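Structure first, then comments.
In this text the structure is predicted, and so the values were computed from the model without any measurement. Quick note: numbers below take in every heavy atom, side chains included, and nothing from hydrogens, waters or symmetry partners. Protein chains get the first letters and strands the later ones, always in sequence-line order, with residue 1 at the start of each.
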Number of protein chains: 2
Amino acid sequence: MTNPKTEIFEQFAELARVLGQGNRLELLEHAAQGERSVERLAQLTGLSLANASQHLQVLRRAGFVRSRRDGKRMLYRLGDGPVIELLGALRRYAEHSRAEVRGIVSSYFDRLDSLEPVSRDTLLQRLGDGSVVLLDVRPQDEFALGHLPGALNIPFADLERRLAELPTDTQIVAYCRGPYCVLSFEAVAALRAKGYDIKRLEDGFPEWKAAGLPVGVAGDHRLP
Amino acid sequence: MTNPKTEIFEQFAELARVLGQGNRLELLEHAAQGERSVERLAQLTGLSLANASQHLQVLRRAGFVRSRRDGKRMLYRLGDGPVIELLGALRRYAEHSRAEVRGIVSSYFDRLDSLEPVSRDTLLQRLGDGSVVLLDVRPQDEFALGHLPGALNIPFADLERRLAELPTDTQIVAYCRGPYCVLSFEAVAALRAKGYDIKRLEDGFPEWKAAGLPVGVAGDHRLP
DNA sequence: TAGTCATTCAATCAATAACTTGACTGATTG
DNA sequence: CAATCAGTCAAGTTATTGATTGAATGACTA
């Protein structure tokens, strides 16, 4: 252990171990949407409060999340290192080489959306010439914590009731929490079935934000 | 577990867990140099044969390495997914947020080489106009398995004896196994003390190869 | 085909990790 | 200042992991 090389590898391994737990990755995805209390995160992931708290502390020790106190609540948010980049690399590696992931993705997601997603670059271009409407299908509170500028927020649960707000003559691009967030897949499937021209954004909100692109905050629920 | 999202996170976590072990990361770095037998890898890492074998099988199941039989030996090499990219992301994250890593790096490596390393792009440019000599300080057998084109191979152990082969009027750029490989740090320190104009390449051989750049094979030990 | 070599497998043990439960702490509120 | 609320801590249980040992396999070699 006195060998500096061994020690460095051990440091790297320690970080990898922190990501080596499904529940922690899920907590991390939720924290990446914006600040959240421990209770909320526990709720969102279905973990017990104590368990979520402990996982969050593990994530914090590794710098993947930061926390601050707000009254009697403790709020956790994404850390400021290149966390999203690391998760992206993990995802890309998994997609490349992991038959199981490909299997789950193709059996579940691909069935819902067989078409190619829209890339961030393509979206930026299309937003520029106004040929597209952005749809954020996350719950309203997550939207309020931050969203792509100009996005229309209709939580997936409300979609049926609020169809009138969607254009029928312009293409829609839907996004949610991340590349594997189910909401946008299902939104695309549902709306496409109703005849809408809709695609899915490849990334979610955290990836957009991590790329340094501007984000909107509570208030602007409409295109400018 | 029947939830597809949970299942995907679990898959990701499983991969991260495989990287969550220092010995495996070290094996991976050695396998990234080129094909190696189990015995050799065990030797290089100081692990027992059975232990190395078992770790290699874990790495193989996750696709980080591939193996093939050659007579009675089993040869392991890097897998063909974006492994180096993932390790790079892990390294960058670690450097950003991990005080311990920064501590080890600065106390050990920075003492040896306080100057900025040369980036791959810079090197490519400099190689183009011939203003630099490339030095590979890895052992000869690793060099033989693949190296940057036109590199001169002087294993670190032989450096003192073979100083005559190095130019005194041209800058030297040294590299070895990867960003944290000790050999190139020490080579730079040793040669700089003797008055040579020498810098360290930021990456090692695996990163170069993973970037899709051409690699040389056994035979061409000299600049073209 | 018996012997040898390189690797893997199986059994075992100690160490670590995940989750639960219930007690504890710190900040607000009556 | 007692009560409550949000989160953390500590102890215990069970499961998983890493390492060791020795036996078993599979492929060459005399």
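The distance between atom CG of B:Leu59 and atom C1' of D:dT17, rounded to the nearest whole Å, is 14 Å. Note: CZ (A:Arg68) to P (C:dA27) measures 15 Å, nearest angstrom. Between A:Asn23 atom CG and C:dA17 atom C1' there is a gap of 13 Å when expressed in whole angstrom units. When rounded to the nearest whole Å, the span between CZ of A:Arg73 and P of C:dT28 equals 12 Å.
A side-chain donor from one of A:Tyr175 and A:Asp136 sits under 3.5 Å from a side-chain acceptor of the other. Donor-acceptor pairing under 3.5 Å is lacking for the side chains of A:Thr6 and A:Glu10.
The minimum heavy-atom distance linking A:Arg36 with A:Leu145 is given by the pair NH1-CD1, 3.6 Å. Taking every heavy atom of both residues into account, A:Leu56 and A:Val65 meet most closely at O-CG2, 3.8 Å.
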- request: Take B:Phe205 and B:Phe143 through the test ring-ring contact (aromatic ring centres under 6.0 Å, His included) and record every step on the way to the result.
  value: CA-CA 9 Å; B:Phe205 170 68; B:Phe143 180 83; 9.1 Å; no
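With rounding to the nearest 0.5 Å, the separation of CG in A:Asp70 from CD in A:Glu35 is 8.0 Å.
With B:Arg24 contributing its side chain and B:Val18 its backbone, the two residues share a donor-acceptor pair below 3.5 Å.
With ring centers used as reference points, A:Tyr180 lies under 6.0 Å from B:Phe12.
Summarising the local packing, CZ of B:Arg60 is surrounded by more than 12 heavy atoms from other residues, nucleotides or ligands at distances under 6.0 Å.
Regarding contacts with the backbone of C:dT8, a side-chain N or O of B:Tyr76 is found under 4.0 angstrom from either OP1 or OP2. Between A:Arg17 and C:dT16 there is no side-chain polar atom (N or O) within less than 4.0 angstrom of OP1 or OP2.
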- prompt: Reading nucleotides 23-30 of chain D 5' to 3', which nucleotides get B (base under 4.0 Å from a protein heavy atom), which S (sugar-phosphate only), which -?
  reply: ----SS--
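Side chain of A:Gln21, nearest nucleotide from D:dG7, C:dA18, C:dT8: C:dA18.
Between the axis at the start and the axis at the end of the helix from C:dT1-D:dA30 to C:dG30-D:dC1 there is an angle of 10°, using five pairs per end and rounding to 10 degrees.
Under 4.0 Å is where a charged nitrogen must lie from a carboxylate oxygen, and between B:Glu165 and B:Arg162 at least one such pair does. Between A:Arg120 and A:Glu202, none of the side-chain N atoms (NZ, or NE/NH1/NH2) sits under 4.0 Å from a carboxylate O, so this pair counts as no salt bridge.
Remark: B:Ser48, B:Ala50, B:Asn51, B:Gln54, B:His55 in residues 34-57 of chain B come within less than 4.0 Å of DNA chain D through at least one heavy atom.
Sequence order on DNA chain C of the closest nucleotides to B:Leu75 and A:Arg24 puts B:Leu75 first from the 5' end.
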